[in-house]
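Convention: sequence-line order gives letters A, B, ...; per-chain numbering from 1.
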There are 2 protein chains.
Amino acid sequence: MGSEAIDNCLKAIYQLAGDDERATTAGLAEQLAISPASVTGMLKKLSESDPPWIEYQKHHGARLTDRGRARALEIIRHHRLIELFLHRVLDYSWDEVHVEAEKLEHAISETFEDRIAHVLGDPEFDPHGHPIPRRDGTLPDRADSDLIDMEPGTDAEVSRVSDHDPTMLQHLSSIGVRPGVRIHLLERRPFDGPLMLRVGDDRAVHAFGARLAGSIRIRDIRSTAA
Amino acid sequence: MGSEAIDNCLKAIYQLAGDDERATTAGLAEQLAISPASVTGMLKKLSESDPPWIEYQKHHGARLTDRGRARALEIIRHHRLIELFLHRVLDYSWDEVHVEAEKLEHAISETFEDRIAHVLGDPEFDPHGHPIPRRDGTLPDRADSDLIDMEPGTDAEVSRVSDHDPTMLQHLSSIGVRPGVRIHLLERRPFDGPLMLRVGDDRAVHAFGARLAGSIRIRDIRSTAA
DNA sequence: ACCTAAATTTAGGCACGCCTAAAAATGGGC
DNA sequence: GCCCATTTTTAGGCGTGCCTAAATTTAGGT
């Protein structure tokens, strides 16, 4: 019960559709990098397993059951704890952690999970700013919003960045963008043009295109306590 | 190239037959806990792979090629580094490490291997006293011999203990037997009877039957420098 | 309401890693 | 040197997880 393929599928449904929305066959095929036909087969299996991992209606996508959600969150907890562990304890760089965690998340025991959580001091966020699900399935919340929606002329703090593209992480790292860093949006160029912004105390102005900006979430600055 | 099943098979050949002896189909079936028929299929595949992992003659067992040996040693290096890491960094007990390492040895990257080796100070022996192969495929050597062959009336130091049975490890731990501990053999009871010996500074005398004694290796005491 | 394009499912196939049952090779005792 | 017990291999099968190609269903535009 709970092969790697199943775990990856549940995780993908959670990531695409969240707690109680439905994920589409095509979306899952893209996320998992397998054919739509293979996804259909997997969804059927997941919904017919006893007890079922998902609710599935043909042609209308899949929604996680309580059990499915619990499993997805467990895998995501593994993934994010491992990322933080690799970064803090084994000195992995920001962009190296994701690939390694993708394999290890399926291999570690609950004991391993507990031990690294303890060594790390029961952390709430991973190196990219993503919340680490708790063992009880709840998520630490940090109210944040898309960088795309930020008001020109205001300040904000980087909350999290997508971890899927290592080259993007390298680039962000090279210009100083990390969770916790303050940014100032100067202007938004017209016709969906780039966002012009400053990072931290750096005077340089950077242009963020849609791809890059879309991978970043921010939160309002608490206080400008210098 | 290099699935988990293949790695386990190469490791089993190395453990049963060593560098340049042949392992039998039956032996491998036992070690891997699969049927002899499945072993035959696996051996054929391993010998026909390009380049081959093993030399295989029907009805005459399998011998590792250079490539096969290198891979086996790499997996064993992973296993033993992980055992030591779990013990030292994540506070696993002696008897817990083997099972977890058995899964993780297949999941970690070369980077992970290097980082934990570095954190641990490039160790040469795992928590059970087994030598950790170096990256170049050489083995740290510690001349040791079977406890069974120890001379009554002499002292020795525990060199290594088998890690396959957690309950045996728990028992050994409870009476203080660990690599590095000094033991004194009082007598060997007749007709393959138990070995009567003292452990460390403990006055108690313990009886070691064949199974237990067979899982322990010792080395001559260097000097009785109190 | 229909018709078409897109999304999805069905059908059939393949590699892996295991199984059991039956056939064949080996080698030790006589 | 032959025979029999043991070991090993062959033959055929099963579940998983993926594939492609063809059939089907859905949903959007008119």
- Item | Partners meeting salt bridge (Lys or Arg N to Asp or Glu O under 4.0 Å) with B:Glu102 (sequence neighbours left out) | B:Lys11
- Within residues 117-130 of chain B or reaching into it, pairs that qualify as side chain to side chain donor-acceptor pair (under 3.5 Å) - sequence neighbours excluded: B:Glu83-B:His128, B:Glu124-B:Arg134
- Message: Can you tell me how far apart CG (B:Leu104) and OG (A:Ser109) are? Round to the nearest 0.5 Å.
- Response: 7.5 Å
- the helix from C:dA1-D:dT30 to C:dC30-D:dG1: angle between terminal helix axes, five bp per end, to the nearest 10 degrees, reads 10°
- Presence of salt bridge, B:Arg77 and B:Glu74, under 4.0 angstrom: no
- Considering only heavy atoms, which members of residues 26-40 of chain B lie under 4.0 Å from some atom of DNA chain D? B:Ala26, B:Pro36, B:Ala37, B:Thr40
- Correct closest heavy-atom pair for A:Val119 and A:Val89 would be CG1-CG2, 4.3 Å
- Contacted region of DNA chain D by chain B, from 5' end to 3' end of the hits, cut-off under 4.0 Å to heavy atoms, spans D:dT8 to D:dT10
- Message: So which atom in B:Glu187 and which in B:Pro152 form the shortest heavy-atom distance, rounded to 0.1 Å?
- Response: CA-CB, 4.2 Å
- Message: Judged by each residue's nearest nucleotide on DNA chain D, which is more toward the 5′ side, A:His60 or A:Ala5?
- Response: A:Ala5
- Task: Please confirm whether B:Arg160 makes a cation-pi placement over B:Phe125, using NZ or CZ under 6.0 Å from the six-membered ring centre and within 45° of the ring normal.
- Result: no
- Task: Report the distance from atom CE of B:Met42 to atom C1' of C:dC16, rounded to the nearest whole Å.
- Result: 8 Å
- What pairs of residues pass the salt bridge (charged side-chain N to carboxylate O under 4.0 Å, His left out) test when at least one of them lies in residues 35-50 of chain A, not counting sequence neighbours? none
- Task: Can you label the angle between the A:His98 ring and the A:His164 ring as parallel, tilted or perpendicular, going by 30° and 60°?
- Result: tilted
- Note on the structure: Taking every heavy atom of B:Val158 against every heavy atom of B:Arg178, the minimum-distance pair comes out as CB-O, 3.3 Å
- Item | Nearest-Å distance for atom pair NE2/C1', residues B:His106 and C:dG17 | 14 Å
